[in-house]
Amino acid sequence: MDVFLTAVSAFLPNEPVGNAEMEALLGLVDAVPSRTRALILRSNRIRQRYYAIDPVTRRTTHTNAQLTAEAVRRLAPPGGFGPTGIECLACGTSSPDQLMPGHASMVHGELGGGPCEVATTGGICGSGMTALKYAYMSVALGLTGNAVAAGSELASTFLRAELCGGVDPAKAAELPHRPILAFEADFLRWMLSDGAGAVLLEPRPAPEGLSLRVDWIEHRSFAHELETCMWAGGLKGEDGTFTGWREAGSAREVADSRCLLVRQDVKLLNREIVRTSVDRTLPGLAAKRGLRTDRVDWFLPHYSSDFFRAELHERMVAEGFGIPPERWFTNLATKGNTGAASIYIILEELLRSGQLEKGQRLLCFIPESGRFSICYMHLTVC
């Protein structure tokens, strides 16, 4: 039942976008330069990111399905591989191009090739990992001889000035003293970016080069206890209840409520995301899997902003699972926060860096604030 990642790829659209260039691409809200962009970027420490936006026309250059298909095409295991060889295709994203049909079907349509099993996984950052786990189980159980999993995001379509409202002046003034406010709807446009990644899973390691054996993937949802924290397509009431956009009385009401924008409950996020990811998840997982810090050579965390890094490390140390910072690998500063694609893009860069050696063990960490789903994955370099 062994399963190996025999190829990992990433696709980031167009040229990298620096901090000074962001607003020209996304557009000015109310024709006024942002007063908060520099403060938010100072906190999240993202220096550049990628957008599927033409810098001249400001039109979208790729759909989400096209981003994903390009990442899949870039899979290049020894001996070659192409769309015609895919037996199972599982794709996760929080920003599909349409409500129906499923995202994986649209990716399959872009790829061409032959018939194959497809599975679309929903969610936010964790959707890329549920896709990977589906693909992993398909190969582990012998249901298919290979599988491709992908995670992708087309966040920039949410972030264009034409879809955003103005910034609350009171919140803008409060931002230097409360950096967590950067995660509210009006400020998230300086956090998110576009990209896609893919992996090929097979029952044997590649005949040459390095492969990554999937030792285990563990998901934990805390939705039974915690309210919705990040959402799009609805409204959250003061009492925590959530109302979907289809409950609106008219199409005009949907537009006027701005309920299709990405939003976060910053108080809930600040209180729960690291505590739930570490205190409530890691000790039980370590006991179940025999996980020890001296047996982790690389820690690959996906976090949306460097704002969370210090607290994440402090809580891991407090739980007896402190991994030295020199063993952390992240590319948030140069690749941006690409949500469901992030862990794929991190893995691809680490594998390409030449720093991995046979026998090393990787612990990947993917939290999702949607309604608090936490994922850890353990890999061994072969």
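All values reported here derive from a predicted model rather than from experimental measurement. For the numbers below, each heavy atom of this structure counts, side chains included, while hydrogens, waters and symmetry mates do not.
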Trainee: Determine whether L5 and F329 fall in the same hydrophobic cluster, where Ile, Leu, Val, Met, Phe, Trp and Tyr are linked whenever their side-chain heavy atoms lie under 4.5 Å apart.
Mentor: yes

Trainee: Please determine whether ring pair (Phe, Tyr, Trp, His ring centres under 6.0 Å) holds for the pair Y376 and F365, giving the CA-CA distance in whole Å, both sets of side-chain angles, and the decisive distance to 0.1 Å.
Mentor: CA-CA 5 Å; Y376 285 89; F365 164 59; 5.1 Å; yes

Trainee: Return yes if a side-chain donor-acceptor contact under 3.5 Å exists between T281 and S277, otherwise no.
Mentor: no

Trainee: Do S369 and Q264 have a side chain donor and acceptor closer than 3.5 Å?
Mentor: yes

Trainee: Would you tell me whether S305 and N337 have side-chain atoms, one donor and one acceptor, within less than 3.5 Å of each other?
Mentor: no

Trainee: Should side-chain heavy atoms under 4.5 Å link Ile, Leu, Val, Met, Phe, Trp and Tyr, which residues sit in the same cluster as L154?
Mentor: F11, L67

Trainee: Under 4.5 Å between any side-chain heavy atoms of S95 and T157, yes or no?
Mentor: no

Trainee: Would N64 and S152 count as having a side-chain donor-acceptor pair, cut-off 3.5 Å?
Mentor: yes

Trainee: Should L285 and V214 be regarded as members of a common hydrophobic cluster, given that ILVMFWY residues are connected when their side-chain heavy atoms come within less than 4.5 Å of each other, either directly or indirectly?
Mentor: no

Trainee: For a side chain to side chain contact (heavy atoms under 4.5 Å, CB included) check, start with the C-alpha distance between I343 and M129, then their side-chain angles and the critical distance, and finish with the verdict.
Mentor: CA-CA 8 Å; I343 196 63; M129 284 306 304; 3.8 Å; yes

Trainee: Show the numbers, then the answer: is there a side chain to side chain contact (heavy atoms under 4.5 Å, CB included) between H378 and L362?
Mentor: CA-CA 6 Å; H378 192 276; L362 285 57; over 6 Å; no

Trainee: Report yes if the side chains of E368 and C375 come closer than 4.5 Å at any heavy-atom pair, otherwise no.
Mentor: no

Trainee: Does N14 form a side-chain hydrogen bond (donor to acceptor under 3.5 Å, both in side chains) with T61? I'd like the steps, not just the answer.
Mentor: CA-CA 8 Å; N14 304 317; T61 58; 3.0 Å; yes

Trainee: Flag the pair V296 / W298 as yes when at least one side-chain heavy-atom distance between them is below 4.5 Å, and no otherwise.
Mentor: no

Trainee: Could you verify whether a donor N or O on one side chain and an acceptor N or O on the other, from T338 and E153, lie under 3.5 Å apart?
Mentor: no

Trainee: Return the set of residues passing side chain to side chain contact (heavy atoms under 4.5 Å, CB included) with P78 (not counting sequence neighbours), or none when no residue passes.
Mentor: A206, P207, E208

Trainee: Should side-chain heavy atoms under 4.5 Å link Ile, Leu, Val, Met, Phe, Trp and Tyr, which residues sit in the same cluster as I86?
Mentor: V72, L75, F81, L89, V107, L111, V118, V148, L200

Trainee: Give the cluster check for F307 versus I366: same hydrophobic cluster or not, with ILVMFWY residues linked at side-chain heavy-atom distances below 4.5 Å.
Mentor: no

Trainee: Identify whether the distance between the nearest side-chain nitrogen and carboxylate oxygen of R252 and D256 falls below 4.0 Å.
Mentor: yes

Trainee: For N270, check side chain to side chain donor-acceptor pair (under 3.5 Å) against everything at least two apart and list the hits.
Mentor: none

Trainee: Are the side chains of N331 and I345 in touch, meaning some heavy atoms are under 4.5 Å apart?
Mentor: yes

Trainee: Would a 4.5 Å heavy-atom cut-off, applied to side chains only, mark V262 and M230 as touching?
Mentor: yes

Trainee: Mind listing the closest non-hydrogen atom pair of P13 and Y50 along with its distance?
Mentor: O-CD2, 3.3 Å

Trainee: Return the set of residues passing salt bridge (charged side-chain N to carboxylate O under 4.0 Å, His left out) with R289 (not counting sequence neighbours), or none when no residue passes.
Mentor: E218

Trainee: Let me check something: do Y136 and F4 share a hydrophobic cluster, defined by ILVMFWY side-chain heavy atoms less than 4.5 Å apart, either directly or through other members?
Mentor: no

Trainee: Would you check if L356 and L350 make a side-chain contact, meaning some heavy-atom pair closer than 4.5 Å?
Mentor: yes

Trainee: Please report the closest heavy-atom contact between C382 and R213, naming both atoms and the distance.
Mentor: SG-CB, 3.7 Å

Trainee: Would you mind checking if D265 and K236 are paired as a salt bridge, meaning a charged N to carboxylate O distance below 4.0 Å?
Mentor: yes

Trainee: For L41, what residues pass the side chain to side chain contact (heavy atoms under 4.5 Å, CB included) criterion, not counting sequence neighbours?
Mentor: N19, M22, R37, N44, R49

Trainee: What pairs with E272 under salt bridge (charged side-chain N to carboxylate O under 4.0 Å, His left out), at least two apart in sequence or on another chain?
Mentor: R275, R280

Trainee: Which side-chain N or O atoms in residues 237-245 pair as donor and acceptor under 3.5 Å with protein atoms at least two apart or in another chain?
Mentor:
| residue | atom | partner | partner atom | Å |
| --- | --- | --- | --- | --- |
| D239 | OD1 | T241 | N | 3.1 |
| D239 | OD1 | T241 | OG1 | 2.7 |

Trainee: Residues two or more places apart in sequence or in another chain: which of them pass salt bridge (charged side-chain N to carboxylate O under 4.0 Å, His left out) with R47?
Mentor: none

Trainee: Do you know the tightest heavy-atom contact between E202 and V139?
Mentor: C-CG1, 3.8 Å

Trainee: With T121, which residues qualify under side chain to side chain contact (heavy atoms under 4.5 Å, CB included), at least two apart?
Mentor: S127, T130, A131

Trainee: Work out which heavy atom in P96 is nearest to a heavy atom in H103; give both atom names and the distance.
Mentor: CB-CB, 4.3 Å

Trainee: L132 versus M377: any side-chain heavy-atom pair under 4.5 Å?
Mentor: yes

Trainee: Which residues pass the salt bridge (charged side-chain N to carboxylate O under 4.0 Å, His left out) test with K335, not counting sequence neighbours?
Mentor: E349

Trainee: Could you walk me through whether L363 and L291 pass the side chain to side chain contact (heavy atoms under 4.5 Å, CB included) check?
Mentor: CA-CA 10 Å; L363 181 64; L291 200 57; 4.0 Å; yes

Trainee: Determine yes or no for a side-chain-to-main-chain donor-acceptor pair under 3.5 angstrom, with R263 supplying the side chain and C229 the backbone.
Mentor: no

Trainee: Under 6.0 Å from the CE atom of M316, do we count more than 12 heavy atoms belonging to anything else shown?
Mentor: yes

Trainee: Hey, mind stepping through L212 and L347 against side chain to side chain contact (heavy atoms under 4.5 Å, CB included) and telling me if it holds?
Mentor: CA-CA 10 Å; L212 301 173; L347 272 171; 4.0 Å; yes

Trainee: Hey, does F372 have a side-chain heavy atom less than 4.5 Å from the side chain of S221?
Mentor: no

Trainee: Less than 3.5 Å apart, any donor N or O on the side chain of Y134 or E117 sitting next to an acceptor on the other?
Mentor: yes

Trainee: Under the rule for ring pair (Phe, Tyr, Trp, His ring centres under 6.0 Å), what residues qualify as partners of F299, not counting sequence neighbours?
Mentor: W328

Trainee: For E319 and R315, what are the C-alpha separation, side-chain angles and deciding distance, and is it a salt bridge (charged side-chain N to carboxylate O under 4.0 Å, His left out)?
Mentor: CA-CA 6 Å; E319 291 294 338; R315 285 190 177 270; over 6 Å; no

Trainee: Main chain of S9, side chain of E348: is a donor-acceptor contact present, judged purely on distance under 3.5 Å?
Mentor: no

Trainee: To the nearest 0.5 angstrom, please state how far the CG atom of L159 sits from the CG atom of L25.
Mentor: 11.5 Å

Trainee: Indicate whether any N or O donor in one side chain lies under 3.5 Å from an N or O acceptor in the other, for S211 and T6.
Mentor: no

Trainee: Are L332 and L300 co-members of a hydrophobic cluster defined by side-chain heavy atoms under 4.5 Å apart?
Mentor: no

Trainee: Mind listing the closest non-hydrogen atom pair of V254 and A248 along with its distance?
Mentor: CG2-CB, 3.5 Å

Trainee: Tell me if the CZ atom of R271 is crowded by more than 12 foreign heavy atoms within 6.0 Å.
Mentor: yes

Trainee: Looking at every non-hydrogen atom in both residues, tell me the closest pair between P101 and M106 and how far apart they are.
Mentor: CG-SD, 3.5 Å

Trainee: Output yes when a side-chain donor or acceptor of D2 lies under 3.5 Å from a complementary backbone atom of P203, and no otherwise.
Mentor: no

